[in-house]
Amino acid sequence: MSTEKRYELAREIYAELGVDTDAAIARASEIPVSIQCWQGDDLLGFETPDGKLTGGIQATGNYPGKARNIAELRADFEKAMSLIPGKKKLALHAIYLDNQGKKVERNEIAPEHFTSWVQWAKEQKIGLDFNPTFFSHPLSEDGFTLSHNDANIRNYWIEHGKASRKISEYLGKELGQVSVNNLWIPDGFKDTPVNRAKSRQILAESYAEIFSFDTDPKYTRDGMESKVFGIGAESCTIGSHEFYMGCAMKHQKLLTLDTGHFHPTEVVSDKISSVLTYLPGIALHVSRPVRWDSDHVVIFDDELKAIACEILRGGYEDRVFVGLDFFDASINRIACWTIGARSMQKAILWAALEPIAKLHKFEAEGDYTSRLAYLEEEKTYPFAAVWDYYCEKQGVPVRDNWVKSMKEYEQKVLESRK
């Protein structure tokens with residue numbers, strides 16, 4: 001049976017539930033997913049030829065064929081995009097600048113170092129997000145940046161933060177859509193500190209300086225990302241969830257919620273409506289924490305569905321910026337992009353297909369029995385037929401057909417990289 005015929009049957013079945021599948025597809029197709037560039041080269045970037053990871057970040061594995069330069073990274077991402085449906089953006093880190101072979105200090109990066117990225121993004125018809133890079137640098141080797149006791153080092157990173165905001169605004173203005181500028185720092189203590197308050201006061205002052213000038217919210221929004229702990233910062237992370245919640249409220253910024261940055265018993269899906277009660281918006285970094293912040297490739301699991309459902313149930317599409325954040329070097333990197341992004345898009349479509357009016361009615365009437373019954377019954381509705389149709393209409397491979405295409409690219413392109 002053809003994809004379209006299976007979809008017609010699925011459309012009839014969902015209609016009995018009160019769901020318009022055509023409208024659901026249209027809604028899902030308008031929600032962009034920001035895909036992280038760093039999956040393509042294990043977060044090394046192109047700042048220096050011998051870059052290495054520091055700051056509690058590591059990529060595990062050495063699968064052959066990682067991108068070695070900007071051209072290869074772009075080509076690989078273009079291949080991944082051809083396999084992924086829906087609206088897409090690319091998230092850049094500062095270390096992915098196009099420096100034309102010249103050394104550029106991070107406190108001196110400017111829009112000119114990203115003009116070739118803008119031109120490429122225009123050709124690909126995608127948006128660009130941005131991230132200042134506060135790690136893998138001589139001035140971050142002791143584990144501190146914006147909360148550093150040394151004012152000279154601290155000011156260097158403040159200047160980097162300011163520069164990143166200007167670059168993000170440039171990206172958004174050139175591409176005609178909001179560029180999220182996400183700030184995450186690795187600062188923290190390996191062992192128990194005795195003056196956490198001082199470090200956090202310094203960090204608060206640093207952010208006040210970074211945000212001392214305005215940027216246009218039509219083109220850029222700042223996100224602030226917390227973490228429970230990091231490698232080498234197990235006892236105290238200066239930028240805790242509570243710190244960033246308060247800081248985001250004070251400066252009216254986005255709070256970035258990374259799905260791997262909380263206690264294993266916490267879920268980000270439950271935080272979305274709470275945060276949006278008081279903040280103008282949030283940014284998501286969706287990862288899969290197998291134990292904790294292990295940055296595994298996102299899969300179509302219950303929490304991913306719950307995150308997407310919370311966004312759409314609340315009508316938060318304009319206030320939540322969905323981004324991915326994982327980097328696995330143990331398997332084909334293009335497959336990582338594809339599996340993760342397709343899973344996120346699946347979750348968004350799944351959420352759009354919920355009989356939300358019916359569920360809201362049950363809840364408002366106190367009919368929790370029917371609410372639970374329908375939440376369970378919808379799990380066996382013909383979602384796969386709608387997803388296949390969505391992919392076909394988006395011009396990307398249906399079901400597992402993308403795997404063959406990815407393997408052919410691996411044999412023709414990736415295996416030649418030594």
Side-chain angles (χ1 to χ4, degrees), residues 1-35 76-90 124-126 286 297-302 304-309 311-313 317 322 324 331-359 374-412:
M1 185 183 295
S2 69
T3 299
E4 189 159 355
K5 286 183 178 179
R6 288 189 298 108
Y7 173 69
E8 289 299 328
L9 291 174
R11 180 161 59 180
E12 292 178 13
I13 295 171
Y14 273 104
E16 295 173 1
L17 194 61
V19 174
D20 182 339
T21 55
D22 291 337
I25 288 174
R27 186 182 185 188
S29 68
E30 289 301 311
I31 300 175
V33 173
S34 184
I35 305 171
D76 290 354
F77 190 70
E78 288 172 26
K79 180 60 183 178
M81 284 197 294
S82 73
L83 308 175
I84 301 165
K87 277 193 173 182
K88 294 169 281 285
K89 299 172 75 179
L90 179 68
Q124 302 302 316
K125 296 180 173 58
I126 62 172
V286 185
V297 177
V298 170
I299 59 174
F300 188 50
D301 59 11
D302 287 344
L304 193 68
K305 295 177 192 175
I307 288 170
C309 285
I311 296 170
L312 272 68
R313 287 171 182 172
E317 291 98 319
V322 181
L324 305 179
I331 59 177
N332 182 296
R333 295 170 183 82
I334 294 172
C336 290
W337 269 326
T338 306
I339 293 168
R342 281 174 71 108
S343 294
M344 188 70 246
Q345 295 283 14
K346 281 180 190 174
I348 291 170
L349 181 60
W350 172 275
L353 288 165
E354 276 199 320
I356 193 62
K358 190 184 295 290
L359 293 170
Y374 275 87
L375 284 170
E376 285 302 299
E377 288 303 321
E378 71 174 29
K379 292 178 181 178
T380 53
Y381 269 64
F383 169 75
V386 182
W387 168 252
D388 289 349
Y389 178 79
Y390 177 49
C391 288
E392 187 170 279
K393 288 300 179 181
Q394 289 276 319
V396 303
V398 174
R399 295 191 295 281
D400 59 341
N401 290 319
W402 70 267
V403 179
K404 178 182 178 183
S405 179
M406 177 271 296
K407 284 291 187 181
E408 289 175 350
Y409 186 85
E410 179 177 306
Q411 293 168 1
K412 293 179 181 178

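- In this structure, L353 and Y381 have side chains that are not in contact, with every pair of non-hydrogen atoms separated by 4.5 Å or more.
- In this structure, K5 does not pair ionically with E8, as no charged nitrogen and carboxylate oxygen lie closer than 4.0 Å.
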K88 and Q124: side-chain contact (heavy atoms from CB on, under 4.5 Å), yes or no, with the steps? CA-CA 10 Å; K88 294 169 281 285; Q124 302 302 316; over 6 Å; no
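- Here the closest heavy-atom approach between residue V396 and residue S82 is recorded as CG1-O, 3.5 Å.
- No donor-acceptor distance shorter than 3.5 angstrom exists from the side chain of R6 to the backbone of A384, with no hydrogens or angles considered.
- Of all the heavy atoms in A335 and N332, the pair that sits closest is N-OD1, 2.9 Å.
- The heavy-atom pair separating W350 from E378 by the smallest distance is CH2-O, 4.0 Å.
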Derivation of the side-chain contact (heavy atoms from CB on, under 4.5 Å) call for Y389 and I25: CA-CA 9 Å; Y389 178 79; I25 288 174; 3.7 Å; yes
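- Side-chain N/O atoms of T21 and Y7 include a donor and acceptor closer than 3.5 Å.
- Atom OG of S405 sits about 5.0 Å away from atom CG of L83, to the nearest 0.5 Å.
- Atom CD1 of I126 sits about 4.5 Å away from atom CE of M81, to the nearest 0.5 Å.
- Looking at every heavy atom in both residues, F77 comes nearest to K89 through CZ-O, 4.1 Å.
- Between R342 and W387, the shortest heavy-atom contact is O-CH2, 3.5 Å.
- Taken from NZ in K379 to CD in E377, the straight-line distance is 10.5 Å, to the nearest 0.5 Å.
- At a threshold of 4.5 Å between non-hydrogen side-chain atoms, the residues S343 and L304 count as touching.
- F383 and F300 have parallel rings, their planes meeting at less than 30° on a 0 to 90° scale where 60° marks the start of perpendicular.
- Rounding to the nearest 0.5 Å gives a distance of 10.0 Å between CD of E354 and CG of L17.
- Residues I356 and L312 form no side-chain contact, since every pair of their non-hydrogen atoms from C-beta on lies 4.5 Å or further apart.
- In this structure, the side chains of K87 and I31 stay at 4.5 Å or more apart for every pair of heavy atoms.
- Separation of atoms CD (E78) and CG (D76) is listed at 9.5 Å; rounding is to 0.5 Å.
- To the nearest 0.5 Å, atom CD1 of residue I84 and atom CD1 of residue I339 are 10.5 Å apart.
- A donor-acceptor pair shorter than 3.5 Å cannot be found between the side chains of T338 and K79.
- Listed here is the closest heavy atom pair of Y390 and Q345: OH-OE1, 4.2 Å.
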Step by step, would you call V33 with I348 a side-chain contact (heavy atoms from CB on, under 4.5 Å)? CA-CA 10 Å; V33 173; I348 291 170; 3.9 Å; yes
